[in-house]
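Side chains included, hydrogens not; waters and symmetry mates left out as well; all remaining heavy atoms used. As the structure is a prediction and not an experimental result, all values here were calculated from the model.
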Amino acid sequence: QVQLVESGGGLVQPGGSLRLSCAASGSIFSYDFMGWYRQVLGKQRELVAGLGRTGITNYADSVKGRFTISRDSAENTVNLQMNSLKPEDTAVYYCKVRTPWNDMEYWGKGTLVTVSS
């Protein structure tokens, strides 16, 4: 059973920055996909940033140029650096990984990001 724990969420003013971190129970390099998603109450969860096994990244159009997804081998985490935050970025952010051996998806419990002034 893969366990994921997100951290780093909080309240930030527009234009500010936050760094989210996802700690995994297994090696982050054993997964073929890692991603950050976000969800607003009453709406569907959407992909914000994804990182494939080969290192290829993809981002939602709304966050391109502002968010960066990365892996930290020393901390065994998947991180999301969020800059130039906007009120519309307010959401619960979730970490997800996919295991290549059984093609299953695992989710963290989420961390709340609130952008307001």
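Using a 4.5 Å cut-off between side-chain heavy atoms of Ile, Leu, Val, Met, Phe, Trp and Tyr, with links allowed through other members, L11 and L112 fall into different hydrophobic clusters. Under a hydrophobic clustering in which Ile, Leu, Val, Met, Phe, Trp and Tyr are joined whenever their side-chain heavy atoms come within less than 4.5 Å, directly or via other members, V97 and V92 fall into different clusters. Taking hydrophobic clusters as Ile, Leu, Val, Met, Phe, Trp and Tyr residues chained together by side-chain heavy-atom distances below 4.5 Å, L4 does not share a cluster with Y94.
Looking only at side-chain heavy atoms (C-beta outward), V78 and Y31 stay at 4.5 Å or farther from each other. In this structure, L85 and F67 have side chains that are in contact, with non-hydrogen atoms separated by less than 4.5 Å.
Annotation: the span from R66 atom CZ to Y59 atom OH amounts to 12.0 Å, rounded to 0.5 Å. To the nearest 0.5 Å, atoms CZ (R19) and OG (S7) are separated by 10.5 Å. Note: M34 CE to L80 CG = 12.5 Å, rounded to the nearest 0.5 Å.
Counting only residues at least two apart or in different chains, side-chain hydrogen bond (donor to acceptor under 3.5 Å, both in side chains) contacts with residues 32-44 comprise D32-R98, Y37-K96, R38-E46, R38-S62, R38-D89, R38-Y93, Q39-R45. Applying the salt bridge (charged side-chain N to carboxylate O under 4.0 Å, His left out) test to pairs two or more places apart or on separate chains, those with a residue in residues 53-62 are D61-K64. Legend: salt bridge (charged side-chain N to carboxylate O under 4.0 Å, His left out) pairs involving residues 3-15, not counting sequence neighbours: none detected.
Residues L51 and S70 share a closest heavy-atom pair of CD2-C, 4.3 Å. Here the closest heavy-atom approach between residue G35 and residue I69 is recorded as CA-CD1, 4.1 Å. When all heavy atoms of L47 and A60 are compared, the pair lying nearest together is O-CB, 3.5 Å. Counting all heavy atoms, side chain and backbone alike, S30 lies closest to W101 at O-CZ3, 3.5 Å. When all heavy atoms are compared, the tightest approach of N79 to S21 is OD1-OG, 3.1 Å. Closest approach of S17 to S84, counting heavy atoms only: OG-N, 4.3 Å.
One N or O on the side chain of T90 and one on the backbone of V115 form a donor-acceptor pair closer than 3.5 Å. Although no hydrogens or angles enter the test, the distance criterion places a donor-acceptor pair under 3.5 Å between the side chain of S27 and the main chain of F29. Between the N76 side chain and the I28 main chain, a donor and an acceptor come within less than 3.5 Å of each other.
Atom CD of E88 sits in a crowded spot, with more than 12 heavy atoms from other residues, nucleotides or ligands closer than 6.0 Å.
Between Q81 and N83, the side chains place a donor N or O and an acceptor N or O closer than 3.5 Å (distance only, hydrogens not considered).
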